[in-house]
Colleague: 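This is the structure I have questions about; it appears just below.
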There are 2 protein chains.
Amino acid sequence: MTIRLDLVFAALSDPTRRAILTMLLEDDMAVTDVAEPFDMSLAAISKHLGLLTRAGLISQEKRGRVKWCKLEPDAMREPSVWMQGFGQFEPVNLDDFERFLAAELPG
Amino acid sequence: MTIRLDLVFAALSDPTRRAILTMLLEDDMAVTDVAEPFDMSLAAISKHLGLLTRAGLISQEKRGRVKWCKLEPDAMREPSVWMQGFGQFEPVNLDDFERFLAAELPG
DNA sequence: GAAATCGTCAACCAGTTGGTTGAATAACGA
DNA sequence: TCGTTATTCAACCAACTGGTTGACGATTTC
């Protein structure tokens, strides 16, 4: 449990990885397509995807020579509860969420 | 904004720092008292507190020779919205929250 | 079969993190 | 004034992170 929180929060602390998750909100993507908008090697993106996978935030499935990445938002549930418990914030405002996302997408 | 998310998520990725925040839920504390339950030098705790302060998750105020630490849960609001937006989770169950906390306190 | 595509692996590098110890600073109490 | 308490600072260390490049295995296409 503690380890899961460690992994998820660490995964979310990097802007490249948050941008990847945001892209995957739209649809599942191949590794190469995930990497395309970033000014960074494919190997670097592959490492980020491995870390996201270990944190449970995405899953990867190989079909043919293409590896598909899929968002697994359930991994955020427990960390989200943890944070919400501290703040007792009002229910989430979706406009706020959209605004955050817009600020984080690459290129 | 992106930098704030970086700092908060990175701060939360360490179990010592999460435990400190949990302790501060109860009440404000002096640095020495925060450090007491941990098997770690005071200097190490002082560094953790500095990081939490830079992330905005706590504030520190010196009165006399004692520096008081106070939880600032508002710093979690935006990161919390960010996570909630991904999962569209149901409203927070406080029992879940209590259970998480119990698993994280030191000593 | 040969060539191109998809993705990972291994080795490397610079910078950061989480810890240590010992000295320094600041404020209180006798 | 002197010792004690509260906290940070500076230097150091091992381990981790986020990036690179080049070689490699697997799959598809020609």
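Numbers restart at 1 for each chain; the letters A, B, ... are given by sequence-line order, proteins then strands. What you see is a predicted model, and the numbers here were worked out from it, not measured in a lab. Below, all heavy atoms of this structure are taken into account, side chains as well, without hydrogens, waters or symmetry copies.
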Colleague: Using atom types as modelled and distance alone, determine if a side-chain donor or acceptor of A:R17 lies under 3.5 Å from a backbone N or O of A:A10.
Modeller: yes
Colleague: Give a yes or no answer on whether the side chain of B:T53 reaches the backbone of B:L49 with a donor-acceptor pair at less than 3.5 Å.
Modeller: yes
Colleague: Heavy-atom distance under 4.5 Å between the side chains of A:M76 and B:W82, does that happen here?
Modeller: yes
Colleague: If I take atom CZ in residue A:F9 and atom P in nucleotide C:dG18, what distance separates them, rounded to the nearest angstrom?
Modeller: 15 Å
Colleague: About how many Å separate CD of A:Q84 and CD of B:Q84, when rounded to the nearest 0.5 Å?
Modeller: 4.0 Å
Colleague: At what distance, to the nearest 0.5 angstrom, does CH2 of B:W68 lie from CG of B:L24?
Modeller: 11.0 Å
Colleague: List for me each residue that meets side-chain contact (heavy atoms from CB on, under 4.5 Å) alongside B:A43, sequence neighbours excluded, and say none if there are none.
Modeller: B:S41
Colleague: Quick one: A:W68 CH2 to C:dT8 P, roughly how many Å, whole number?
Modeller: 14 Å
Colleague: When the nearest nucleotide of DNA chain D is assigned to A:K62 and to B:K62 on a heavy-atom basis, which residue is associated with the more 5' position?
Modeller: B:K62
Colleague: Just to be sure I understand the rule, does B:R63 reach a base, reach only the sugar-phosphate, or reach nothing, if contact means heavy atoms closer than 4.0 Å?
Modeller: nothing
Colleague: Tell me which nucleotide among D:dG19, C:dG7, D:dT8 gets nearest to the side chain of A:T16.
Modeller: D:dG19
Colleague: Could you tell me how far apart B:D39 (CG) and C:dG18 (C1') are, to the nearest whole angstrom?
Modeller: 14 Å
Colleague: In whole Å, I'd like the distance from the CG atom of B:L12 to the P atom of C:dG18.
Modeller: 12 Å
Colleague: Rounding to a whole Å, what distance do you find between A:F38:CZ and D:dT20:C1'?
Modeller: 17 Å
Colleague: What distance do B:E26 atom CD and B:L71 atom CG have between them, rounded to the nearest 0.5 Å?
Modeller: 11.5 Å
Colleague: Within residues 40-56 of chain B, which residues have any heavy atom lying less than 4.0 Å from an atom of DNA chain C?
Modeller: B:M40, B:S41, B:A43, B:A44, B:K47, B:H48, B:L51
Colleague: Sort me out a list of protein N/O and nucleotides 3-5 of chain C N/O pairs below 3.5 Å, or just none if empty.
Modeller:
| unit_1 | atom_1 | unit_2 | atom_2 | d |
| --- | --- | --- | --- | --- |
| C:dT5 | O4' | A:R65 | NH1 | 3.4 |
| C:dT5 | O2 | A:R65 | NH1 | 3.0 |

Colleague: Starting from the 5' end of DNA chain C, give me the residue, B:D14 or A:A30, whose nearest nucleotide shows up first.
Modeller: A:A30
Colleague: So, the side chain of A:R18 versus the backbone of A:L12: is there a donor-acceptor pair under 3.5 Å, distance only?
Modeller: yes
Colleague: Hey, does A:Q60 have a side-chain heavy atom less than 4.5 Å from the side chain of A:K62?
Modeller: no
